[in-house]
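Beneath this line is the structure, given in structure tokens, with notes to follow.
Values in this document were obtained by computation on a predicted structure and should not be read as measured data.
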Amino acid sequence: SDLAGFMIHRNTMIATDDALLMGDHDSCKVFDGRTGKIREQITVPENITDGPVWKWMALAGGVLYALVGPTEENDPVIRGSREKAGWPWADLGDRYNGQEYAWGLGRTLVAINPATQEVIWTYRSDEPIDSRAMCLAAGRVYVYSPLTYLAAIDTNTGVELWKTSNPEVLQAIGENDHAQTAA
């Protein structure tokens, strides 16, 4: 798989005792921990999603959870000089630091058995889910659609346990900022 240009600054890498799972622009590659060779690729069936890109993933209790969605623009490959501190975000220009392009958004959350690649359940949102605001905790996947809703999805069933569009809750989360900096 050619990963040049794939935005890697997202939660799509998981290390296990014997493998590295890495989601990318078309699948989740399972790399052998000793050899580094790809053992297998896990894909999400086309008929349940609006794109193959892995935006976020987590592994718990032998189940792989992933947010997948539309294809994204490739990034320029930037090599840092190590002369200044931090990531070279400034070299990306206004493309990622402004409102021009938002990456990491998807509408399909899936639970997959990584041993069989069987899809256990699917949760589909009408609105885009922001992968930067996702969390797996206490048997729930928490999802956030910017300025629209916050919800909790049951990890066993994919059923929405609760969902709120309460303005006070959304205001407490804050504005939808596409910036890649802490400023």
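- Remark: D154 pairs with T157 by the side-chain hydrogen bond (donor to acceptor under 3.5 Å, both in side chains) rule, at least two apart or across chains.
- Of all heavy-atom pairs between L109 and W56, the closest is CD1-CZ3, 4.2 Å.
- Applying the side-chain hydrogen bond (donor to acceptor under 3.5 Å, both in side chains) definition to pairs two or more places apart or across chains, those involving residues 140-152 are S125-Y149.
- For the atom pair CE (M13) and CE (M22), the distance works out to 5.5 Å, reported to the nearest 0.5 Å.
- Both I48 and V68 belong to a common hydrophobic cluster when Ile, Leu, Val, Met, Phe, Trp and Tyr are linked at side-chain heavy-atom distances under 4.5 angstrom.
- Under the 4.5 Å side-chain heavy-atom criterion for Ile, Leu, Val, Met, Phe, Trp and Tyr, V141 and V159 are members of distinct hydrophobic clusters.
- There is a path of hydrophobic side-chain contacts, each under 4.5 Å, that joins V63 to M134.
- What you find for W121 and T155 is that their closest heavy atoms are NE1-O, 2.9 Å.
- Salt bridge D50/R107: present, at least one basic N to carboxylate O contact under 4.0 Å.
- Across all their heavy atoms, I112 and V110 have their closest contact at CD1-CG2, 3.8 Å.
- Contacts of T43 classified as side-chain contact (heavy atoms from CB on, under 4.5 Å), with partners at least two apart in sequence or in another chain: S27.
- Of the candidates D130, I129, L67, I129 is the only one forming a side chain to side chain contact (heavy atoms under 4.5 Å, CB included) with V143.
- Atoms OG1 and NZ, on T108 and K55 in that order, are 10.5 Å from each other to the nearest 0.5 Å.
- L64 pairs with exactly one of I14, N113, I120 by the side chain to side chain contact (heavy atoms under 4.5 Å, CB included) rule, that one being I14.
- Tracing side-chain contacts under 4.5 Å through hydrophobic residues (I, L, V, M, F, W, Y), one reaches L59 starting from M57; they form part of the same cluster.
- One hydrophobic cluster holds both L150 and L161 under the rule that ILVMFWY side chains link at heavy-atom gaps under 4.5 Å.
- Evaluation of the side-chain contact (heavy atoms from CB on, under 4.5 Å) rule for Q117 yields E40, I42 as partners, not counting sequence neighbours.
- Looking at residues two or more places apart in sequence or on another chain, you find a side-chain contact (heavy atoms from CB on, under 4.5 Å) between A19 and T16, L21, V30, R39.
- For T122, there are no side-chain hydrogen bond (donor to acceptor under 3.5 Å, both in side chains) partners at least two apart in sequence or on another chain.
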